[in-house]
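Counting starts at 1 for both ligands and their atoms, following the listed order.
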Amino acid sequence: MGKVAVAFASAAVVAACSVAAVMVRRRVKSRRKWRTVVEILKEFEEGCDAPVGRLRQVVDAMAVEMHAGLASEGGSKLKMLLTYVHDLPNGTEKGTYYALHLGGTYFRILRVHLGGERSYLDVQDVERHPIPSHLMNSTSEVVLFNFLAFSLERFIQKEGNESNSQGVKRELAFTFSFPVKHTCISSGVLIKWTKGFEISEMVGKDIAGCLQGALNRRGLDIHVAALVNDTVGALSLGYYHDPDTVVAVVFGTGSNACYLERTDAIIKCQGLLTTSGSMVVNMEWGNFWSSHLPRTAYDIDLDAESSNPNDMGFEKMIAGLYLGDIVRRVILRMSQESDIFGPSSSVFSQPYVLRTNSVSAMHEDDTPELQEVARILKDLGVSDVPLKVRKLMVKICDVVTRRAGRLAAAGIAGILKKIGRDGGGGITSGRSRGEMQMQRRTVVGVEGGLYMKYTMFREYMEEALVEILGEEVSQYVVVKAMEDGSSIGSALLVASSLQS
Ligand code: ADP
Ligand code: MG
């Protein structure tokens with residue numbers, strides 16, 4: 001070989017070696033980045049861990065806080081609000097009633113006709129619309145209430161001959177899914193906004209009065225006969241169908257629970273007398289807090305950057321508005337510390353860009369190549385995400401939702417413990433778990449978009465409830481799903497309150 005050829009050959013070898021070296025370096029770098037991502041995931045998974053022992057601590061804390069909230073005003077983060085609902089609908093109600101439900105994401109209007117027997121419950125019309133976002137943050141409540149009155153007017157105009165309530169004053173339930181301090185069943189003032197709503201003028205105002213005013217301004221002959229928390233509506237429907245229903249929980253945009261309490265246990269309201277000896281208590285459990293809750297740095301940041309920091313800590317770990325954003329925060333950190341999502345990952349800096357319905361769609365993607373995950377990421381503007389990264393996404397969704405489902409179960413078990421339906425005899429009886437009292441059948445009514453539409457959330461919740469209560473006791477605890485339960489049940493409550 002001549003000198004030139006040798007020089008040429010060695011240059012080629014050097015070039016090949018440096019290409020190989022670059023490739024090796026890239027591979028090493030990419031492996032190191034992947035390792036970082038895996039470590040972030042591992043740390044997050046550990047932070048969210050909720051084994052049954054920890055869940056039992058949450059159960060105990062929930063029951064203790066319930067006692068404290070019933071003992072004195074401000075005695076706990078759980079407000080344990082009186083609802084003045086002591087007689088739940090029993091099936092004998094008759095007539096046509098309406099409900100207007102303001103949720104966290106949707107508002108609904110419906111009409112029910114009751115024939116005086118349980119089987120004669122006819123839900124005649126249901127309208128559901130997203131709440132326009134400008135109404136959630138407007139400077140005056142008048143805009144919101146005028147809009148609701150206008151929507152009701154349109155609903156009634158469409159009735160035609162379908163309804164038999166023409167010419168008669170219409171009786172309406174206002175189902176309201178925010179904390180209210182009631183003075184009676186048909187009146188109460190807003191304590192605070194939650195779930196991203198912020199109309200500051202409204203705190204302290206009578207909610208039913210605001211709606212009645214707007215209806216009167218439009219000249220509508222509609223009477224706001226009851227102001228009903230959405231959980232109380234769900235309990236009413238549950239009880240109407242099955243009187244063993246004593247607890248109701250909502251998992252939608254937000255989360256809350258209510259239950260039937262003995263009046264003598266509501267110590268902060270001594271001398272409270274009801275014919276039934278009990279009253280429905282709206283727990284406002286979204287604000288529950290315990291040091292036993294598995295909280296991560298992502299939860300802390302979500303809370304700090306929310307419109308209501310230091311508030312609704314439990315809700316922020318279990319409710320639909322927030323689960324998507326926890327997932328987003330984990331992805332954001334991963335994409336900041338590696339480039340697994342490529343240059344378009346900046347979309348993940350946008351708060352609430354990832355919705356919980358996308359989380360459930362990704363989590364429940366059963367296509368072999370995770371095409372649904374790819375589609376959702378593409379819709380967000382992130383294309384060509386490799387399969388292993390798509391699998392990672394599914395895993396993050398699983399961690400967030402598993403924790404949410406398990407904590408939700410602990411919350412329910414906490415209520416069962418407080419009322420002595422957990423097989424242990426309540427927390428004040430001094431009974432040990434071994435000395436089981438006669439277990440009664442207990443129905444827990446559940447509704448809300450997260451629960452109804454996210455199978456994995458529901459399964460994790462139900463699985464954890466059995467783990468906490470044990471196989472034997474859980475046979476007596478029935479969790480019943482109730483679609484539109486809060487709205488239908490509120491209309492039933494108007495019927496029963498006007499008839500009693
Ligand atoms: P609202 O909270 O307004 O009463 P819903 O009870 O219908 O309304 O709950 C709506 C919320 O439920 C949504 O904001 C979302 O967080 C959650 N959700 C709705 N659909 C799904 C879904 N397919 N998967 C997971 N979560 C869902
Ligand atoms: Mg709701």
- Message: Which protein residues come within less than 4.0 angstrom of ligand 1, counting heavy atoms only?
- Response: G103, G104, T105, Y106, R108, R128, G252, T253, G320, L321, T356, N357, S360, G448, G449, L450, K453, Y454

- Taking atom types as modelled and ignoring hydrogens, do the side chains of S360 and N357 form a donor-acceptor contact shorter than 3.5 angstrom? no

- Message: Could you work out, with side chain to side chain donor-acceptor pair (under 3.5 Å) as the rule, every residue matching R217, not counting sequence neighbours?
- Response: N146

- Item | Which residues share a side chain to side chain donor-acceptor pair (under 3.5 Å) with H363, sequence neighbours left out | D398, Y454

- Item | Residues in side chain to side chain donor-acceptor pair (under 3.5 Å) contact with H129, at least two apart in sequence or another chain | E127

- Task: Could you tell me whether the side chains of N282 and N256 share a donor-acceptor contact shorter than 3.5 Å?
- Result: yes

- Message: So that I can tick it off, tell me whether R375 and E372 are bridged by a salt bridge, with the cut-off set at under 4.0 angstrom between side-chain N and carboxylate O.
- Response: yes

